[in-house]
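Encoded as structure tokens, the structure appears first; notes follow it.
Not measured: the values here are computed from a predicted model. Side chains are part of it too, since the values below use all heavy atoms of this structure and drop only hydrogens, waters and symmetry mates.
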Amino acid sequence: MALTWRYVVQPDGDFCRIANIDGSLDDISDEELARLWSGVANDEQPNRPCSRCGTTLLLQWNGPLVTGVWMELCATCDAHRPAARAFIDWYADPDRDLTAVPGLFEAWETETMNAHGWWSRTPQPGTEPGASAHLTLVPPGPVARADAEPPETD
């Protein structure tokens with residue numbers, strides 16, 4: 001099963017990410033995805049304040065499935081983190097490049113998940129060049145890393 005992401009980005013910076021499993025969305029144009037997404041009620045969730053400082057968030061997002069991580073992008077609290085800073089700068093730029101969202105979001109997501117104690121593995125050897133790596137998350141805690149020695153058992 002191959003997983004890639006398709007993004008729909010609005011000029012105001014609002015966006016959604018849709019799973020493209022085994023190329024199921026390859027025949028759907030960006031315009032059609034945008035039309036389908038525009039019918040979704042985006043006003044269902046009120047803007048939450050930052051859980052750290054209380055200011056309005058630029059972005060709030062559920063982390064990858066089964067992680068239980070709630071990700072927040074706050075211009076005040078996250079400005080010191082490189083990927084977050086790049087995303088904050090993108091939001092502040094009125095002439096923002098809408099095609100930059102996938103790279104900015106995925107870098108921020110990885111940085112945020114790492115800050116929560118999760119890590120992502122690098123692409124496995126033998127994958128075709130240019131293929132998007134599937135994000136494989138390993139939970140924090142006493143779990144052996146694939147590239148580490150196995151833990152000793154008594």
Side-chain angles (χ1 to χ4, degrees), residues 1-140:
M1 178 174 77
L3 172 68
T4 57
W5 296 106
R6 293 279 305 269
Y7 288 80
V8 176
V9 186
Q10 302 297 322
D12 67 355
D14 196 13
F15 71 95
C16 76
R17 179 170 80 167
I18 305 163
N20 185 13
I21 300 171
D22 289 334
S24 60
L25 299 176
D26 289 351
D27 294 333
I28 298 177
S29 69
D30 290 343
E31 293 77 19
E32 180 66 9
L33 276 180
R35 188 185 67 74
L36 292 170
W37 181 56
S38 68
V40 176
N42 294 326
D43 298 328
E44 292 176 14
Q45 292 185 6
N47 286 337
R48 289 184 174 188
C50 175
S51 64
R52 296 161 287 174
C53 72
T55 62
T56 302
L57 294 170
L58 294 174
L59 179 63
Q60 53 194 5
W61 198 273
N62 284 316
L65 194 60
V66 305
T67 63
V69 173
W70 179 254
M71 301 187 310
E72 299 178 335
L73 181 61
C74 174
T76 303
C77 299
D78 297 320
H80 67 284
R81 296 176 32 217
R85 174 84 256 159
F87 215 179
I88 291 166
D89 291 345
W90 180 86
Y91 269 103
D93 184 1
D95 297 323
R96 60 182 145 246
D97 175 11
L98 301 181
T99 62
V101 167
L104 290 168
F105 178 80
E106 290 171 15
W108 171 73
E109 179 182 44
T110 299
E111 181 180 73
T112 302
M113 293 304 294
N114 285 334
H116 282 276
W118 295 79
W119 60 279
S120 62
R121 295 184 183 170
T122 56
Q124 296 298 313
T127 57
E128 61 186 68
S132 297
H134 183 294
L135 183 63
T136 305
L137 295 172
V138 177

**Request:** Taking all heavy atoms of Cys53 and all of Thr76, pick out the closest pair and write down the distance.
**Result:** SG-CB, 4.1 Å
**Request:** Check Leu58 against Ala75 and note the closest heavy-atom contact, atom names and distance.
**Result:** CD1-CB, 4.3 Å
**Asked** Where do Pro102 and Thr99 come nearest, in terms of heavy atoms and distance?
**Response** CD-O, 3.4 Å
**Prompt:** Do Ser24 and Asp22 have side-chain atoms, one donor and one acceptor, less than 3.5 Å apart?
**Reply:** no
**Message:** Ring centroids only, cut at 6.0 angstrom: are Phe105 and Trp90 within range, meaning strictly under it?
**Reply:** no
**Item:** Crowding at CG, Asp27 (>12 non-hydrogen neighbours, <6.0 Å)
**Value:** no
**Prompt:** To the nearest 0.5 Å, how far apart are CG in Leu33 and CD1 in Ile18?
**Reply:** 4.5 Å
**Complete:** Of all heavy-atom pairs linking Cys74 and Leu57, the shortest is CB-CD2, 3.9 Å
**Item:** Rounded distance [0.5 Å steps], CZ in Arg48 versus CG in Leu59
**Value:** 12.0 Å
**Prompt:** Looking only at heavy atoms, what is the nearest atom pair of Leu73 and Trp108, with distance?
**Reply:** CD1-NE1, 3.5 Å
**Prompt:** Less than 4.0 Å between a side-chain N and a carboxylate O, is that true for Asp26 and Arg6?
**Reply:** no
**Item:** Pairs involving residues 77-95, ordered by first then second residue, that meet salt bridge (Lys or Arg N to Asp or Glu O under 4.0 Å) (sequence neighbours left out)
**Value:** Arg52-Asp78, Asp78-Arg81, Arg81-Glu111, Arg85-Asp89
**CA sep, side-chain torsions, deciding dist, call: Tyr91, Leu104, side chain to side chain contact (heavy atoms under 4.5 Å, CB included)** = CA-CA 11 Å; Tyr91 269 103; Leu104 290 168; over 6 Å; no
**Request:** Rounded to the nearest 0.5 Å, what's the gap from CD1 on Ile28 to CZ on Arg35? Could you check?
**Result:** 10.0 Å
**Request:** Kindly give the heavy-atom pair with the smallest separation between Gly54 and Pro49, and that separation in Å.
**Result:** O-CB, 3.4 Å
**Request:** Kindly indicate whether the side chain of Asn62, heavy atoms from C-beta on, has any atom under 4.5 Å from the side chain of Trp70.
**Result:** yes
**Request:** With sequence neighbours excluded, tell me which residues meet side chain to side chain donor-acceptor pair (under 3.5 Å) with Tyr7.
**Result:** Glu106
